[in-house]
Amino acid sequence: MGTGVLTVDLNAIAANWRALDRASASGVQTAAVVKADAYGLGVARVARALAAAGARRFFVATAEEGATLRQSLGPGPQINILSGHLAGDTDMIGDLDLTPMLNSIDQITRHLEGLPGAGFGIQLDTGMNRLGMKELEWEAVAPFVLDAGPELIMSHLACADEPDNPMNHGQLILFQAMTEGTGVPRSLAATGGILLGPKYHFDLTRPGVGLYGGAPFTGAAPVVRLSLPVIQTHEVNAGETVGYAQGWMADLPTITATVSGGYADGLGRALSNKATLWDGDTPCPLIGRVSMDLITVDITHLPQVPDYLDIIGPYQGVDQLAEVAGTIGYEILTSLGPRYRRQYRKEEA
Ligand SMILES: *Cc1c(COP(=O)(O)O)cnc(C)c1O
């Protein structure tokens, strides 16, 4: 086998959803964010596991993602589109019963004219300046929009992973002011917002990264294991170098393993000479530069050549690898490339 194996633990995803569901009061609905192919893990299997765990409402970024998701889930669960209703989306939204979160007056007009009577939600901007209507815009259209019966009003926190950042409270106060008395279900919290406490939960929460085992949900069950096959070993003499640009030089005689996986698979060049791979519980340093398809590892200290080395696993989670790469867990997950063999673990209850 020449490609890495990405093992996704569906039971852990379901357990993380239940844990985040329990973190809010019983009247609060917990949705699931499965945009970007369920953060790179494979939306079809992940969404079905979440539906089986009890999730009834899903969020994706685009109508195209919503169409793919509808095929996996079938009719029933609500699918919300964060980018709203764009030109060209109307047939897909109507035919597949997708619910756009309308972000602007243009989108509201397009939706109400193109699909009269079809469900929709509203997204408000409370300071992030990314998606949604601002206060004055919303004030101008609210009476008319509320008449048309939105199913949900939401906004998004810019700094929810920093509990002490005053931006959180500022967005909360503004969201309350913009939505008080509308009688429409409201949502402000993603994973970080859930952890900020009940004031942020309103009627519905929208966790994404926490489902997949990522920070800031530090209590999450780990979901991902990434094992890279050893495809060759080399005996490197002292003074010889390894890889492109002589990225590493041996001080002592060294045995190296070349494993399958590289920057084309989401293991970025920033990991060069920095990351650690694991043979079970034994760390093995990544040496030299990460290349497109291959990584070299020092295994001199191992008693035998392993079949696989883990780059994500029990001893190094997604967030720890992200830290070495100078990025965040979200980017590691969503960069995991299409070449891995995705393998899903699900023990029958
Ligand atoms: C991505 C996203 C989420 C999920 O965020 P996490 O931090 O992954 O929990 C929720 N709401 C919106 C608007 C998003 O863009």
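Start at 1 and go down the list; that is how both ligands and their atoms are numbered.
What sits closest to atom 5 (O) of ligand 1 on the protein, heavy atoms only, is Ala190 CB, 3.3 Å. Atom 7 (O) of ligand 1 has Tyr330 OH, 2.6 Å as its closest protein atom, hydrogens excluded (heavy atom only). For atom 11 (N) of ligand 1, the nearest protein heavy atom (residue, atom name, distance) is Arg206 NE, 3.0 Å.
What you find for Gln123 and Asn103 is that their closest heavy atoms are NE2-OD1, 2.9 Å.
For Leu82, every heavy-atom contact with ligand 1 shorter than 4.0 Å involves the side chain, none the backbone. Residue contacts with ligand 1, taken as heavy atom pairs separated by less than 4.0 Å, do not involve Phe59 at all. Contact annotation for His156 and ligand 1: only side-chain heavy atoms (C-beta onward) come within less than 4.0 Å of the ligand. Counting heavy atoms under 4.0 Å from ligand 1, residue Val209 touches it through both backbone and side chain.
Each of the following atoms of ligand 1 lies closer than 4.0 Å to a heavy atom of Pro207: 9 (O). Near Thr191, meaning under 4.0 Å from one of its heavy atoms, ligand 1 places the atoms 6 (P), 9 (O). Those atoms of ligand 1 that come under 4.0 Å of a heavy atom in Met154, given as number and element, are 13 (C). Atoms of ligand 1 found under 4.0 Å from any heavy atom of Lys35, numbered from 1 in the order shown, are 1 (C), 2 (C), 3 (C), 14 (C), 15 (O). Residue Arg130 has at least one heavy-atom neighbour below 4.0 Å for each of these atoms of ligand 1: 15 (O). Each of the following atoms of ligand 1 lies closer than 4.0 Å to a heavy atom of Tyr39: 1 (C), 4 (C), 5 (O), 6 (P), 8 (O).
The aromatic ring centroids of Phe202 and Phe175 lie less than 6.0 Å from each other.
Ring geometry, Tyr315 versus Trp278: the interplanar angle falls under 30°, so the pair is classed parallel (tilted spans 30 to 60°).
A donor-acceptor contact closer than 3.5 angstrom links the side chains of Ser227 and Asp310. Side-chain atoms of Arg206 and Ser187 include a donor-acceptor pair closer than 3.5 Å.
Counted within 6.0 Å of CD on Glu64, heavy atoms from surrounding residues, nucleotides or ligands total more than 12; the atom is thus considered enclosed.
Taking any N or O of Gly210, backbone or side chain, none lies under 3.5 Å from an N or O belonging to ligand 1. For ligand 1, the polar-atom distance check against Gln123 finds no nitrogen or oxygen pair separated by under 3.5 Å. Polar contact check, Gly208 against ligand 1: a nitrogen or oxygen pair lies under 3.5 Å apart.
Separating the CG atom in Leu195 from the OH atom in Tyr200 is a distance of 12.0 Å, to the nearest 0.5 Å.
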_If you apply the rule side-chain hydrogen bond (donor to acceptor under 3.5 Å, both in side chains), what do you find for Ser104 with Asp106, and how did you get there?_
CA-CA 5 Å; Ser104 65; Asp106 274 1; 5.2 Å; no
For this session: List the steps, then state whether side chain to side chain contact (heavy atoms under 4.5 Å, CB included) holds for Thr99 with Glu151.
Result: CA-CA 9 Å; Thr99 307; Glu151 295 175 18; 4.0 Å; yes
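Counting only heavy atoms from C-beta outward, the side chains of Glu180 and Arg186 approach each other to under 4.5 Å.
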